[in-house]
Amino acid sequence: MGLYLDSADVDDARTAQELGFIEGVTTNPALIARTGRAPLEVLADLVEIVDGNVFYQLTSPTLEQRLDEAWEAYGIRPDRVVLKVPTTTENLSLVAELAHDIECAMTAIFSPAQAYMAVQAGARYVIPYVSRATRLLGDGPGLVRAIRDVLSGSEVEIIAASIESPDEAIDAVRAGAHHLTMPLQVIMAMGEHELSQQTIAEFAASWETK
Ligand code: G3P
C-alpha cells in the first residue's frame with residue numbers, strides 16, 4: 001500500500017520526500033505545465049529529489065513520437081521512471097510494445113473495461129480518476145471497486161488518482177485501491193484531526209498544572 005505525491009513541483013517533492021515514507025511521485029502534463037519548465041527537465045529533477053519511482057506521462061501527438069518520448073524519459077533514470085500512458089486503444093498497443101522493457105501505468109481510466117484492456121496490454125498499474133469519476137459518472141469509489149474485481153487474479157495494481165480530500169482517499173482505499181496519489185495539501189491533511197489537536201492541548205495543560 002504505497003502513497004505517492006501527485007505533483008510536478010520540486011518544492012512539493014522535497015517536502016513529501018522529507019516525510020520519509022512516500023513511495024514516489026506521479027506527474028501529468030497539466031502539473032508539469034504549471035511549472036513552466038520542459039517536461040524532461042522536471043523529470044530529471046524529480047528523480048534526484050525523491051528516492052522512489054517517478055511517473056512520467058507521454059504527451060507527444062503521434063504514436064511514433066510517444067514511443068521516442070518513452071525511451072527518452074526512461075533513459076533519464078531507467079531503474080525509477082515509470083511511464084504513464086493515457087488509456088486509448090492506440091495507446092494499449094504502445095504499452096504492449098513497451099511493457100516488456102519499461103514499467104507502464106495506464107492512466108485516466110474511467111471504466112472497468114479500460115482496466116481489463118490495460119491488463120491485457122501488460123500494464124503494471126492502472127490509474128482511475130476518483131474525484132472526476134464521482135463528478136462525471138456519479139461514483140468514483142464504485143469505479144475503483146469494479147476495477148478491483150476485474151483485476152482479480154492479475155498482478156496489476158490500482159493507483160487511485162484525482163483525490164481531493166482525506167475522506168475521498170480513504171473511500172478509494174476501502175474500495176480496493178492498492179495505492180493512492182494525492183496533492184501535497186491532501187497528504188499533509190491526512191495525518192491531522194482537530195480532536196487530536198484538542199487532546200494534545202489537554203495533555204499539555206495537565207502537564208503544566210501538575
Ligand atoms: O495526476 C492525475 C490526477 O490525479 C488528476 O487529478 O485533480 O486533475 O482530477 P485532477
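Every number for a ligand or one of its atoms is a count from 1 in the order of the listing.
- Considering both main-chain and side-chain atoms, N28 comes within under 3.5 Å of ligand 1 through a nitrogen or oxygen pair.
- The N/O atoms of D6, backbone and side chain alike, include one that comes under 3.5 Å of an N/O atom in ligand 1.
- Residue Q57 does not touch ligand 1, judged by heavy-atom distances below 4.0 Å.
- We find the CG-CG distance between D45 and D9 to be 11.0 Å, quoted to the nearest 0.5 Å.
- With ligand atoms numbered from 1 in the order given, ligand 1 contributes 8 (O), 9 (O), 10 (P) to contacts under 4.0 Å with heavy atoms of R132.
- Closest protein heavy atom to atom 2 (C) of ligand 1: Y129 OH, 3.1 Å.
- With rounding to the nearest 0.5 angstrom, the CG atom of L5 is 5.0 Å from the CD1 atom of I187.
- Counting atoms of ligand 1 from 1 in the listed order, those under 4.0 Å from a heavy atom of A161 are 3 (C), 4 (O).
- The CG atom of L67 sits 5.0 Å away from atom CD of E97, with the distance rounded to the nearest 0.5 Å.
- In summary, the side chains of E69 and S60 do present a donor paired with an acceptor at a separation below 3.5 Å, with no hydrogens or angles considered.
- No side-chain donor from either of E23 and H179 sits under 3.5 Å from a side-chain acceptor of the other.
- Side-chain rings of Y74 and Y56 stay apart, their centers remaining 6.0 Å or farther from each other.
- Contact atoms of ligand 1 toward K84: 1 (O), 2 (C) (distance under 4.0 Å to a heavy atom of the residue).
- Distances between N or O atoms of S162 and those of ligand 1 include at least one value under 3.5 Å.
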